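Data block below; observations after.
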Amino acid sequence: MSDSFAPDLLADQHIVVTGGGTGLGRAMALRFADLGAAVTINGRRPDPLAETVRDIEAAGGAAEGIQCNVRDYEAVQAFFEEAEDRQGPVTRLVNNAAANFLAPTEDISPNGFDAIVQTNLYGSFYCTQACGQRWLERDAEGVVLSIATTYAETGSAYVVPSAMSKAGIVAMTRSLAAEWGSEGIRLNAVAPGPFPTEGAWDRLVPDDDLEQKMRERVPVRRFGEPEELATLASFLLSDLSAFMNGEVVTFDGGEALAAGGQFNTFTRMPRRQVKALMEQMRPE
Ligand SMILES: CCCCCCCCCCC/C=C/C(=O)SCCNC(=O)CCNC(=O)[C@H](O)C(C)(C)COP(=O)(O)OP(=O)(O)OC[C@H]1O[C@@H](n2cnc3c(N)ncnc32)[C@H](O)[C@@H]1OP(=O)(O)O
Ligand SMILES: NC(=O)C1=CN([C@@H]2O[C@H](COP(=O)(O)OP(=O)(O)OC[C@H]3O[C@@H](n4cnc5c(N)ncnc54)[C@H](OP(=O)(O)O)[C@@H]3O)[C@@H](O)[C@H]2O)C=CC1
């Protein structure tokens, strides 16, 4: 994708992308490497990591993939040791790894709840703390970007553990923006709307009909493209956004806002029909 960033926008950065082997994490890792960063990605499965590293290297970038389950505190500690041994001090972190499934809340088992909350909330905390400890100790600046979701603000039916944990990530972002800002550490989040990745769609989109209805809910009438998110993330990790701290950037084609306005439903009718309806309501 062409954009107007300087080609060395992220040179001299070592960026960790959790869950960077697939979906949005992969798109971000590819773009960061293209903009000059050394990238380390993690995840539980080796194959997606190897494939993404191979693709980054084939494009001339620098990348390492290290297996890690972010639910496991000790594994996260070992991951950062290994990442820094391989590519030097980590300077940026993207908390992207996540777990989710659709389920009626009354049917979720303790293990199911843990699988989601430990991945999203605990995993993001473990990684953020590991980076913060290093940066504070070294008196180094740093940036954390966390991938939230629009329903972190509103809540959503049938994804309650995900909504709870993403809301916690937003709270962590805002809290640490205040606590660590004076030390040169910035934290922001992105709240994406729907982006058709295999990981999300396999678990969250029951059929084509619901997918089409979901598309119609988005004012711009399309889903996001992973490369668009990667562009925003590149800006947020770079010094171009140096004054931005504690923000949650909604990136959803207007979907969340449109869900809130009572009369937005008219936008799903032909405009001519809407105008006729409104015309007939005008006083004589
Ligand atoms: C209608 C159109 C909608 C359009 C969509 C728009 C998108 C909106 C925005 C969405 C915002 C957020 C999106 C995302 O986060 S997408 C990321 C999705 N990616 C992943 O989830 C990747 C990682 N996921 C996993 O690894 C697995 O899915 C899992 C979370 C299940 C964890 O796997 P693991 O192997 O660690 O664990 P188990 O398989 O052993 O399962 C653990 C317990 O969880 C229970 N479980 C699993 N699946 C379900 C289910 N579908 N319903 C209920 N319970 C489930 C499982 O039974 C285990 O519990 P028990 O041991 O008690 O049986
Ligand atoms: N796609 C969408 O519409 C939206 C996505 N998001 C967010 O975007 C991010 C990326 O999602 P997306 O790319 O769509 O989905 P993916 O399923 O492709 O990405 C999730 C990644 O996280 C990794 N992961 C899961 N559990 C763990 C774990 N315990 N330890 C380490 N890595 C783990 C997975 O790899 P592995 O299984 O190998 O561990 C996978 O690479 C997530 O934070 C998601 O909540 C937010 C809003 C909308």
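For ligands, and for the atoms within them, numbers begin at 1 and follow the listed sequence. This structure is a prediction, so every number in the text was calculated from the model and none was measured.
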For W201 and ligand 1, does the shortest N/O to N/O distance drop below 3.5 Å?
no
| message | Would G25 count as being in polar contact with ligand 2, using the rule that some N or O on each side must be under 3.5 angstrom apart? | response | no
Under 4.0 Å between heavy atoms, the region of E211 that gets near ligand 1 turns out to be neither
Going by the 4.0 angstrom heavy-atom rule, the piece of P48 near ligand 2 is neither
Checking heavy atoms under 4.0 Å, the part of K213 that sits near ligand 1 is neither
Task: ligand 2 to A97 polar contact by distance, N or O atoms, under 3.5 Å - done: no
Quick note on ligand 1: atoms under 4.0 Å from a heavy atom of P194 include exactly 6 (C)
for atom 47 (C) of ligand 2, nearest protein heavy atom and its distance come out as P192 O, 3.5 Å
Inset, instruction - Take every heavy atom of R203, measure it against each atom of ligand 1, and state whether any distance is under 4.0 Å. - result: yes
With heavy atoms and a 4.0 Å threshold, my read on which part of N96 contacts ligand 2 is both
Looking at A148, A98, G199, the heavy atom closest to atom 20 (C) of ligand 2 belongs to A98
Judged by heavy atoms only, the candidate from K166, R26, R45, R71 nearest atom 38 (O) of ligand 2 is R45
Atoms of ligand 1 under 4.0 Å from any heavy atom of G199, numbered from 1 in the order shown, are 18 (C), 19 (N)
In this structure, atom 61 (O) of ligand 1 is nearest to the protein heavy atom N111 ND2, 2.7 Å
For atom 37 (O) of ligand 2, the closest protein heavy atom turns out to be R44 NH2, 2.9 Å
Within the 4.0 Å heavy-atom cut-off, what P226 brings close to ligand 2 is neither
Filtering P194, G193, G224, A115 for the heavy atom nearest atom 4 (C) of ligand 2 leaves G193
Note: Q118, heavy atoms under 4.0 Å from ligand 2, region reported as neither
Contact region, L204 to ligand 1, non-hydrogen atoms below 4.0 Å, reads both
Practice item. Please indicate whether any nitrogen or oxygen in Y151 is less than 3.5 Å from any nitrogen or oxygen in ligand 1. Key: no
> Polar-atom distance check: S162 versus ligand 1, any N or O pair below 3.5 Å?
Replying inline: no
Exercise. Between F195 and W201, is the gap from one ring center to the other below 6.0 Å?
Worked result: no
Are the side chains of L93 and L145 in touch, meaning some heavy atoms are under 4.5 Å apart?
-> no
Closest to atom 40 (C) of ligand 2 among protein heavy atoms sits T22 OG1, 3.2 Å
Exercise for review: Report yes or no: does a heavy atom of V205 sit under 4.0 Å from some atom of ligand 1?
Suggested key: yes
The atoms of ligand 1 lying under 4.0 Å from a heavy atom of G112, numbered in the order shown, are 43 (C), 44 (O), 45 (C), 59 (O)
Query raised in the report: If we only count N/O pairs under 3.5 Å, is N100 in contact with ligand 1?
Result: yes
Ranked by distance from atom 62 (O) of ligand 1, the top protein heavy atom is S109 OG, 2.6 Å
Min over P104, A98, A103 of heavy-atom distance to atom 17 (C) of ligand 1 lands on A98
for atom 47 (C) of ligand 1, nearest protein heavy atom and its distance come out as F101 CE2, 3.7 Å
Among non-hydrogen protein atoms, atom 42 (C) of ligand 1 lies closest to A115 CB, 4.0 Å
Sequence neighbours excluded, the answer for salt bridge (Lys or Arg N to Asp or Glu O under 4.0 Å) partners of R217 is E255
of all protein heavy atoms, closest to atom 16 (S) of ligand 1 is A200 CB, 3.7 Å
Work out whether the distance between some heavy atom of R71 and some atom of ligand 1 is less than 4.0 Å. yes
- prompt: Does G19 reach ligand 2 with a nitrogen or oxygen that is under 3.5 Å from one of the ligand's nitrogen or oxygen atoms?
  reply: yes
Atom 3 (C) of ligand 1 has as its nearest protein heavy atom M214 CE, 3.6 Å
Residue pairs passing the salt bridge (charged side-chain N to carboxylate O under 4.0 Å, His left out) test with at least one member in residues 136-162, sequence neighbours excluded, are E84-R138, R92-E141, E153-R174
Tell me, do Y122 and V76 make a side-chain contact under 4.5 Å, heavy atoms counted?
no
